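Since we're looking at a predicted model, the values are computed, not measured.
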Amino acid sequence: MDKRHPPATAVGGFSLLARGEVGTMRVALGIQYDGVGFRGWQAQPAGVRTVQASLERALAKVADHPVGLTCAGRTDAGVHAVGQVAHFDTRAIRSTRAWVRGGNAHLPPDLSLSWAYEVPDDFHARFSATARRYRYLIYNHSQRSALWRGRAVWHYRPLDVARMHAAGQMLIGKHDFNAFRAAECQARHPIREILELVVWRQGDGVLLEIEANAFLHHMVRNIVGVLLAIGVGDRPIEWVAEVLESRDRTQAGVTAPAEGLYLLAVRYPQRFGLPAAPTSSPAFEG
């Protein structure tokens with residue numbers, strides 16, 4: 001048997017390569033998708049359209065063997081991505097250009113590959129990441145927009161951006177974010193470190209951008225829900241600190257809708273040589 005091309009390992013009826021097998025290489029991918037038409041990232045039972053399943057089918061056609069993807073962070077149904085990152089192992093000899101162009105040839109219009117890089121075996125899309133950055137878009141106008149449907153959340157009440165930004169600064173640093181995570185969150189602990197949180201207005205839109213070492217399930221959307229209540233004046237700026245200190249999810253109010261959320265970028269150590277974060281991001285004009 002040729003040790004450079006070992007047999008694949010059977011898992012759940014599919015043949016997947018084991019990490020570190022002789023003759024395999026690890027490939028990292030940059031991924032973009034419009035989340036409206038997907039039931040989130042994670043593969044689900046047959047017939048459910050997900051980002052992971054769509055990508056694995058496309059890449060399997062390029063690799064000529066089944067592909068199993070691991071992503072930097074699973075996104076919920078309706079959440080978009082500009083700079084999602086995933087990796088897979090393969091024994092196929094392909095150029096990085098071939099992975100991107102071949103994969104895109106088999107992908108639907110609302111999902112695409114931005115880049116592909118060969119990475120060392122110790123690279124892991126999730127565990128090697130040092131930070132993730134998200135952006136949340138709010139269309140702040142008295143009337144809803146047909147063009148921003150599914151791409152931004154409509155909020156008809158005027159928002160005070162200065163109040164929202166000031167409140168957000170109270171969340172920067174390392175804290176117990178138990179009050180901001182979903183009940184079904186499976187993270188081992190609620191400690192996360194927010195590195196930056198900014199809120200600004202752009203025309204009829206309000207944008208929130210947040211970067212942290214990692215996020216809990218629904219953490220960004222729950223933070224947005226709190227800041228919206230502060231932005232319309234229903235709650236004082238100090239309320240965000242009270243919610244944080246409570247460590248009680250029931251104190252944080254509503255979870256903001258998924259369609260306004262974009263995974264902008266995932267940060268990795270320079271030694272992996274991956275591309276910088278995308279330069280173009282979703283934004284409002286004006």
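Side-chain atoms of R74 never come within 3.5 Å of backbone atoms of Q42 as a donor-acceptor pair (strictly under, hydrogens ignored). At least one donor-acceptor pair closer than 3.5 Å links the side chain of R151 to the backbone N or O of L147. Looking only at distances, no side-chain donor or acceptor of N178 sits under 3.5 Å from a matching main-chain atom of P190. In terms of modelled atom types and a separation under 3.5 Å, the side chain of R192 and the main chain of A212 share no donor-acceptor contact. The main-chain N or O of Q143 is found under 3.5 Å from a side-chain atom of H141 such that the two form a donor-acceptor pair. Checking side-chain atoms of Q202 against main-chain N and O of L207 turns up no donor-acceptor pair under 3.5 Å. N104 places a side-chain N or O within donor-acceptor distance of the main-chain N or O of L113, the cut-off being under 3.5 Å. Under a 3.5 Å cut-off, the side chain of H80 and the backbone N or O of G150 do form a donor-acceptor pair. Under a 3.5 Å cut-off, the side chain of D76 and the backbone N or O of G40 do not form any donor-acceptor pair.
Residues that satisfy the salt bridge (Lys or Arg N to Asp or Glu O under 4.0 Å) test with R271, not counting sequence neighbours, are D122. Looking at residues two or more places apart in sequence or on another chain, you find no side-chain hydrogen bond (donor to acceptor under 3.5 Å, both in side chains) involving H87. When the salt bridge (Lys or Arg N to Asp or Glu O under 4.0 Å) test is applied to R49, the partners found at least two apart in sequence or on another chain are D110. Not counting sequence neighbours, R132 has no partner by the salt bridge (Lys or Arg N to Asp or Glu O under 4.0 Å) test.
Under the 4.5 Å side-chain heavy-atom criterion for grouping Ile, Leu, Val, Met, Phe, Trp and Tyr, V48 is not connected to W41 through any hydrophobic cluster. Note on L197 and L195: separate hydrophobic clusters, where clusters join Ile, Leu, Val, Met, Phe, Trp and Tyr whose side-chain heavy atoms are under 4.5 Å apart, directly or indirectly. Residue I191 is not grouped with residue F215 when hydrophobic side chains (ILVMFWY) are merged at heavy-atom distances under 4.5 angstrom, including chains of intermediate members. No chain of hydrophobic side-chain contacts below 4.5 Å, direct or via other Ile, Leu, Val, Met, Phe, Trp or Tyr residues, connects Y136 to V36. Connection of V254 to F180 is not established within any shared hydrophobic cluster, with ILVMFWY side chains joined at heavy-atom distances below 4.5 Å, either directly or through further cluster members.
Considering all non-hydrogen atoms of both residues, L261 and V79 come closest at O-CG1, 3.5 Å. When all heavy atoms of A182 and N222 are compared, the closest pair comes out as N-ND2, 4.1 Å. Between S145 and W148, the shortest heavy-atom contact is OG-N, 3.2 Å. The nearest pair of heavy atoms linking A179 to V243 is CB-O, 3.2 Å. Closest of all the heavy-atom pairs between P236 and I230 is O-CG1, 3.5 Å.
Taking the six-membered ring where tryptophan is involved, the planes of Y268 and F123 are tilted, since the angle between them lies from 30° to 60°. Ring pair Y33/F38 is perpendicular by interplanar angle, where above 60° counts as perpendicular and below 30° as parallel. Ring orientation note: the planes of W154 and Y156 are tilted relative to one another, at an angle of 30° to 60°.
Atoms SG and CG, from C185 and L216 in turn, are 4.5 Å apart once rounded to the nearest 0.5 Å. Between I31 atom CD1 and L263 atom CG the span is 10.0 Å, to the nearest 0.5 Å. T255 OG1 to R221 CZ: the interatomic distance, rounded to the nearest 0.5 Å, is 6.5 Å. Within the model, atoms OG1 of T50 and CD of E56 stand 7.5 Å from one another, a figure rounded to the nearest 0.5 Å. Rounding to the nearest 0.5 angstrom, the gap separating the CE atom in M25 from the CD atom in E118 is 4.5 Å. Note that the CG atom of L159 and the CD1 atom of I138 stand 6.0 Å from one another [nearest 0.5 Å].
Around the CZ atom of R126, the shell of radius 6.0 Å holds no more than 12 heavy atoms that belong to other residues, nucleotides or ligands. For CD of Q270, the number of neighbouring non-hydrogen atoms (other residues, nucleotides, ligands) closer than 6.0 Å is 12 at most.
Residues H65 and V67 form a side-chain contact, since some pair of their non-hydrogen atoms from C-beta on lies under 4.5 Å apart. With a 4.5 Å cut-off on side-chain heavy atoms, Q169 and I172 count as touching. With contacts defined as side-chain heavy-atom distances shorter than 4.5 Å, the pair H155/V206 does not qualify. A 4.5 Å side-chain heavy-atom check between C71 and Q52 finds every atom pair outside the cut-off. N213 has its side chain out of reach of K174: every pair of non-hydrogen atoms, C-beta onward, lies at least 4.5 Å apart. In this structure, the side chains of V62 and T90 stay at 4.5 Å or more apart for every pair of heavy atoms. The closest side-chain heavy-atom distance from L59 to L29 is below 4.5 Å.
Among residues at least two apart or in separate chains, salt bridge (Lys or Arg N to Asp or Glu O under 4.0 Å) pairs with a member in residues 227-249 are R157-D234, D176-R247. Residue pairs meeting the salt bridge (Lys or Arg N to Asp or Glu O under 4.0 Å) criterion with at least one member in residues 197-211, sequence neighbours excluded, are R133-E209, R133-E211, R135-E209, E211-R267.
Each of Y117, W115, F88 was evaluated against W99; a single residue qualifies, F88, per the ring pair (Phe, Tyr, Trp, His ring centres under 6.0 Å) test.
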Give the C-alpha distance, both sets of side-chain angles, the deciding distance and a yes or no for side chain to side chain contact (heavy atoms under 4.5 Å, CB included) between L244 and V240. CA-CA 6 Å; L244 181 67; V240 69; 5.8 Å; no

With side chain to side chain contact (heavy atoms under 4.5 Å, CB included) as the test, would you mind laying out the steps for L274 and V266 before giving the verdict? CA-CA 10 Å; L274 297 184; V266 185; over 6 Å; no

